[in-house]
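Notes for the one structure printed next.
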Amino acid sequence: MGLFAGPREEPAWFGPAVAAVLDGTESLLAADGPRALDAATVELVGRQIRHAVRDIRRGLWVERWFAQLTDATAARVRDGLDGAGAGWVGPWRLLHGLAAIGVAPLAADATTAARRLAAEVARADGPGQPRWLTAMRRQSATGEVFHLRDAYGSRFGVIAGFTYPDGIDPSVFLFDVDACDLATVVNAGIYDDVAQAAAAWRAFVGESASNAEPVAARSGDALAFLAYADHGGEVFQGSESDSALDNWFRVSRRLDDLADSLRRRGTPLPRETNLFRDLDPDPLASAFTTWYTDRHGNQPDPEAVNALTDEWIEVQLPGTFHAVSPHRVRHIRALISDWIDDPVTKETSALLPDWIRWHAEQTDLPEPLLAASLAATEGSFDRPDLGAPCLPSPSQPA
């Protein structure tokens, strides 16, 4: 079960988290360009998101908190301009950083607040503020997009080029998407170039991605999985990675920017379809039954095969039906453990190793990766949150 917000009064963590961000804005003064300020803003905001998700675990209305942070930042700038000294400069930079990482309407609120304060800032500081501040909110995707896929077939990477107006601070943004269950952005970040981002993605994923190389995306269809990538909102599992929480807002913004760029270039992402409807498990069940019978000399229990097939194909992205990553195996075991304990449940669990072997044969999965998936079927099972991404260390397969 995800962590949902509680009663609709303001959560107690809002105020201290806003204050902590504002008290840390002096660190933004060292930023020498929009990319550096973007990163520093993400660090400040992400630290509080991590604290709320992992330590507070309730009232996680992070979009509402972001809006409150924007209002408080604008107020801090205004109060600083009315007083003496330069205490408003850090919050002024933060306001532009918030405009750069927020999605609409969050970004629009920060942009509007900055525009309303711009004349007062100009009177107070003249040419003292760098011109690139106003470029922060106008970052855009360049159209350079690469994708990667691991050997299991259910972990994807997207590396997209981004830049600010006039070619300032070009970079690439990495989206690491796990589609073992619902497709989810599980890691993200900014890198210097495609090679650096690809190396980071391989480290995130582990052994199953060791031979993956980035391929240029020539059409939106090559990135179809992004149309299903779940990210943002205000529902958390509590097991999100540091990079996912730090980039909670920025990922949604960059996904929107990338989708807009693809549309403008005439290669839009395909329309999302309902992954719960119009499912036909019969071909999968029939093919497995034939393989099992040839291998063992007797047919598997048809009720168990149908039950396993139904669970396996629901919400799976097209083209990932044969993916048998350890994460996906753990997810299926979690679903089966939630069934009523009866003979079909036991028969289905007993079929799982053969089910994995059959799928692995369809994709020529290397033996070490198959062994890792088979190992995930063994031992007692403590049921986790079904939606939680089971992320490996860099030395383990996904």
Would [X] and [Y] pass as an ion pair if we require N to O under 4.0 Å?
X: Arg333; Y: Asp338; value: no
X: Asp55; Y: Arg50; value: no
X: Arg357; Y: Glu361; value: no

Q) Considering residues, nucleotides and ligands other than Arg295, do more than 12 of their heavy atoms fall under 6.0 Å from its CZ? A)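 Atom CZ in Arg295 is crowded, with more than 12 foreign heavy atoms closer than 6.0 Å.
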Closest approach of [X] and [Y], non-hydrogen atoms and distance?
X: Trp132; Y: Pro34; value: CE3-N, 3.5 Å
X: Ala323; Y: Gly153; value: CB-C, 4.1 Å
X: Thr348; Y: Ala307; value: OG1-CB, 4.1 Å

Q) Do the side chains of Leu94 and Leu81 join up, straight or via other hydrophobic residues, at under 4.5 Å, putting them in one cluster? A)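 In one cluster with Leu94: Leu81, yes.
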Can you confirm whether the side chains of [X] and [Y] place a donor and an acceptor under 3.5 Å from each other?
X: Arg35; Y: Gln139; answer: no
X: Asn187; Y: Ser241; answer: yes
X: Asn306; Y: Thr309; answer: no

Q. Are His327 and Asp181 close enough, and set up right, to give a side-chain hydrogen bond (donor to acceptor under 3.5 Å, both in side chains), and what steps lead you there?
A. CA-CA 8 Å; His327 176 196; Asp181 178 18; over 6 Å; no
